[in-house]
Amino acid sequence: MSHLTVYKEHHPAEPLGVFTEPEDIGRELAPLGVRFERVDASIALPDGAGQDEVLAAYQHVVDAEKKAHGYNTVDVVRIQPDAHNVEQARQKFLSEHTHAEDESRIMVEGSGCFYLHAQDKVFQVVCTRGDLIRVPEGLKHWFDMGPAPRFAAIRFFIRPDGWVGHFTGETIAERFPKYAP
Ligand SMILES: [Fe+2]
């Protein structure tokens, strides 16, 4: 189940609060400029389904998002535990970074965990199927897909070249609980 755990940035062992209702998660994240909503993502994806099949299955959602928010490019990242590069993929965004473009995703299978660092706090957001999250440009964050990742996410871009990780060099991610679904 999707949930949000809020910590003071220096106290990863003592959560300030936990939120499990999507409306509550959205409300807590809104002041950060983060958009969190639920969308209908009930279409099951066959094991071998690739990007084109995932986008076709969710074309109604994709078209609505593109139209509403001006996204030009859409793709799909799908990772399953038996992928040969799982650990490498996990490490890629496991340290704190920012982007010069919003990080906008709809989780359509499995789960993954965003950690958002703002207002002297860390907001740990476990995203599951049906969650839409947009992390605004410049917001410090990291992402953990867990030790045996299984997720598929539709990614929206205005400028795909803007979505490059700028790493802050901070080690804060190492001090917070890893995602262990
Ligand atoms: Fe990111």
Side-chain angles (χ1 to χ4, degrees), residues 2-7 9 12 25-26 28-39 41 51 54-55 61-62 65-66 69-80 83 85-181:
S2 311
H3 59 275
L4 163 68
T5 309
V6 183
Y7 303 86
E9 64 184 347
I25 297 173
E28 292 297 313
L29 296 181
L32 282 58
V34 171
R35 180 173 162 226
F36 179 90
E37 295 170 15
R38 294 283 298 165
V39 301
Q51 169 165 297
V54 176
L55 290 179
V61 179
V62 169
E65 273 300 297
K66 285 174 83 171
H69 300 286
Y71 298 116
N72 298 307
T73 306
V74 179
D75 72 6
V76 173
V77 56
R78 188 178 197 200
I79 297 188
Q80 298 186 298
N85 59 348
V86 158
E87 192 51 36
Q88 193 182 357
R90 186 186 189 194
Q91 290 297 327
K92 191 169 178 193
F93 290 112
L94 200 50
S95 299
E96 187 181 81
H97 62 276
T98 63
H99 306 285
E101 147 131 20
D102 295 352
E103 180 163 341
S104 194
R105 308 280 182 265
I106 296 175
M107 196 70 82
V108 293
E109 178 182 67
S111 65
C113 187
F114 283 91
Y115 298 75
L116 312 168
H117 183 194
Q119 301 176 340
D120 303 328
K121 295 180 184 141
V122 169
F123 300 77
Q124 180 187 18
V125 193
V126 172
C127 290
T128 62
R129 183 163 155 175
D131 289 345
L132 178 158
I133 187 166
R134 186 195 66 207
V135 179
E137 67 173 275
L139 184 71
K140 292 187 280 190
H141 66 279
W142 63 96
F143 178 76
D144 188 1
M145 58 182 73
R150 180 185 290 280
F151 74 96
I154 300 173
R155 312 191 297 182
F156 297 87
F157 304 94
I158 293 172
R159 295 176 297 113
D161 61 344
W163 195 71
V164 170
H166 300 285
F167 290 87
T168 64
E170 297 294 331
T171 56
I172 184 168
E174 296 169 13
R175 298 192 292 278
F176 276 81
K178 294 283 183 287
Y179 180 45

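If you read the sequence from its start, that first residue is 1, and numbering goes on from there. Computed from a predicted structure; not experimentally measured. Note that ligands are numbered from 1 as they come in the structure, with each ligand's atoms numbered from 1 the same way.
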Y7 vs F176, ring-ring contact (aromatic ring centres under 6.0 Å, His included): CA-CA, chis, key distance, verdict: CA-CA 9 Å; Y7 303 86; F176 276 81; 5.2 Å; yes
Geometric class of the Y115/W142 ring pair [parallel <30°, tilted 30-60°, perpendicular >60°]: parallel
For residues 168-175, run the donor-acceptor check on the side chains, cut-off 3.5 Å, and write out each pair with its distance to 0.1 Å, sequence neighbours left out.
residue: T168; atom: OG1; partner: E96; partner atom: O; Å: 3.4
residue: T168; atom: OG1; partner: E96; partner atom: OE1; Å: 2.8
residue: T168; atom: OG1; partner: E170; partner atom: N; Å: 3.2
residue: T171; atom: OG1; partner: R175; partner atom: NH1; Å: 3.1

N/O donor-acceptor pair under 3.5 Å between R90 side chain and P149 backbone: no
Ion pair check, R134 and D102, cut-off under 4.0 Å: yes
H141 and H97 side chains, donor-acceptor separation under 3.5 Å: yes
Metal environment of the Fe ion (ligand 1), protein N/O/S under 2.8 Å: H97 NE2, H99 NE2, E103 OE1, H141 NE2
